[in-house]
Participant: 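This is the structure, below, for whatever I ask next.
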Amino acid sequence: MTTLLAGIMAGTLMGLVFITHVSLVLVFRPPAALARRATEQGVTGLVTAGTVAGLMLWSLLGVAAAFLFRAIENGYPSDIPSVPSLLYVLLVLFVAAFSAIPAALLLRDRLAHLAAEYALFIAIFGWLIPGLVQAM
């Protein structure tokens, strides 16, 4: 139960940061299609659905990451003080690097924002989740 709670907390934190960041980017530099849709139909339903889906998705990913860490933490411990499992951190870095390539191709004009989100992902999923799981 505590692993589930740790995953939900960290995943929700990532979801809230992600949604806030994406919202600010879309408000100040909206894509042309979104700007047209906002003037013609409105985007309230789209924004609400995106927010709910984003929070649920990040929370579920946080839970999955917490259970993954719990499963491999004892088998692959680390000697580095703030890294409980080197294998888990390497898996998080691999997922980040592997998913960053298509994301960078799709969001070429927003690479700084993408880099910030990936840094947060690595910090939350690679460091915070193991810390929460072990603390609980």
Side-chain angles (χ1 to χ4, degrees):
M1 186 67 170
T2 58
T3 304
L4 178 73
L5 185 59
I8 289 172
M9 288 186 333
T12 301
L13 174 64
M14 182 66 200
L16 290 171
V17 170
F18 177 79
I19 289 167
T20 302
H21 189 186
V22 168
S23 298
L24 289 172
V25 169
L26 290 178
V27 164
F28 290 110
R29 288 183 52 202
L34 186 63
R36 273 193 312 276
R37 181 177 174 157
T39 59
E40 295 170 2
Q41 299 173 334
V43 292
T44 305
L46 181 65
V47 170
T48 303
T51 300
V52 170
L55 273 176
M56 290 183 69
L57 177 67
W58 280 114
S59 295
L60 289 174
L61 288 174
V63 168
F67 278 106
L68 175 66
F69 173 75
R70 180 63 80 187
I72 65 174
E73 77 174 313
N74 294 329
Y76 300 96
S78 171
D79 295 334
I80 303 169
S82 65
V83 178
S85 173
L86 189 58
L87 176 63
Y88 175 77
V89 171
L90 290 175
L91 285 172
V92 169
L93 290 172
F94 176 76
V95 167
F98 190 70
S99 64
I101 295 167
L105 292 174
L106 289 172
L107 302 169
R108 279 182 230 148
D109 59 334
R110 292 180 169 95
L111 289 179
H113 296 283
L114 190 64
E117 285 296 326
Y118 272 100
L120 285 168
F121 171 78
I122 292 168
I124 291 172
F125 278 72
W127 181 77
L128 182 63
I129 286 179
L132 285 173
V133 168
Q134 285 188 331
M136 297 180 126

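Just so it is clear, the structure is predicted and the values come from calculations on it, not from any experiment.
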Participant: Side chains of L91 and I72: does their closest heavy-atom pair fall under 4.5 Å?
Facilitator: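 Yes, side chains in contact.
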Participant: Heavy atoms, side chains only, cut-off 4.5 Å: are L13 and W58 in contact?
Facilitator: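 No, too far: nothing below the 4.5 Å cut-off.
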Participant: Can you hop from L93 to L120 via hydrophobic side chains spaced under 4.5 Å?
Facilitator: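 Yes: a chain of side-chain contacts under 4.5 Å links L93 to L120.
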Participant: Identify the heavy atoms of I124 and A10 that sit nearest to each other, and give their distance.
Facilitator: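 Looking at all heavy atoms of both residues, the shortest contact is CG2-O, 3.6 Å.
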Participant: Check the angle between the aromatic planes of Y118 and F121 and answer parallel, tilted or perpendicular using the 30° and 60° thresholds.
Facilitator: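 Ring orientation of Y118 relative to F121: perpendicular.
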Participant: Out of curiosity, does F67 fall in the hydrophobic cluster containing L90 (side-chain heavy atoms, cut-off under 4.5 Å, transitive links)?
Facilitator: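 No; F67 is not reachable from L90 via cluster members.
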Participant: Distance from Q134 atom CD to T3 atom OG1, nearest 0.5 Å?
Facilitator: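 One gets 10.5 Å once the value is rounded to the nearest 0.5 Å.
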Participant: Hey, quick one: are M9 and L4 part of the same hydrophobic cluster, counting side-chain heavy atoms closer than 4.5 Å, chains of contacts allowed?
Facilitator: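 Shared cluster, no.
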Participant: CE/M14 to CD1/I19 distance, rounded to the nearest 0.5 angstrom?
Facilitator: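 If I round to the nearest 0.5 Å, the distance is 10.5 Å.
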Participant: Distance from H113 atom NE2 to L24 atom CG, nearest 0.5 Å?
Facilitator: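 Between atom NE2 of H113 and atom CG of L24 there are 9.5 Å.
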Participant: Applying side-chain contact (heavy atoms from CB on, under 4.5 Å) to W127 and I122, what does each step give before you reach the verdict?
Facilitator: CA-CA 7 Å; W127 181 77; I122 292 168; over 6 Å; no
Participant: Out of curiosity, does I129 fall in the hydrophobic cluster containing M56 (side-chain heavy atoms, cut-off under 4.5 Å, transitive links)?
Facilitator: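 No; I129 is not reachable from M56 via cluster members.
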Participant: Hydrophobic cluster membership, with links at side-chain heavy-atom distances under 4.5 Å among I/L/V/M/F/W/Y: are L55 and V52 in one?
Facilitator: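 The answer is no; the residues belong to distinct hydrophobic clusters.
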Participant: Quick one: sort the F69 and Y88 rings into parallel, tilted or perpendicular, breaks at 30° and 60°.
Facilitator: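 Rings of F69 and Y88: perpendicular, as their planes differ by over 60°.
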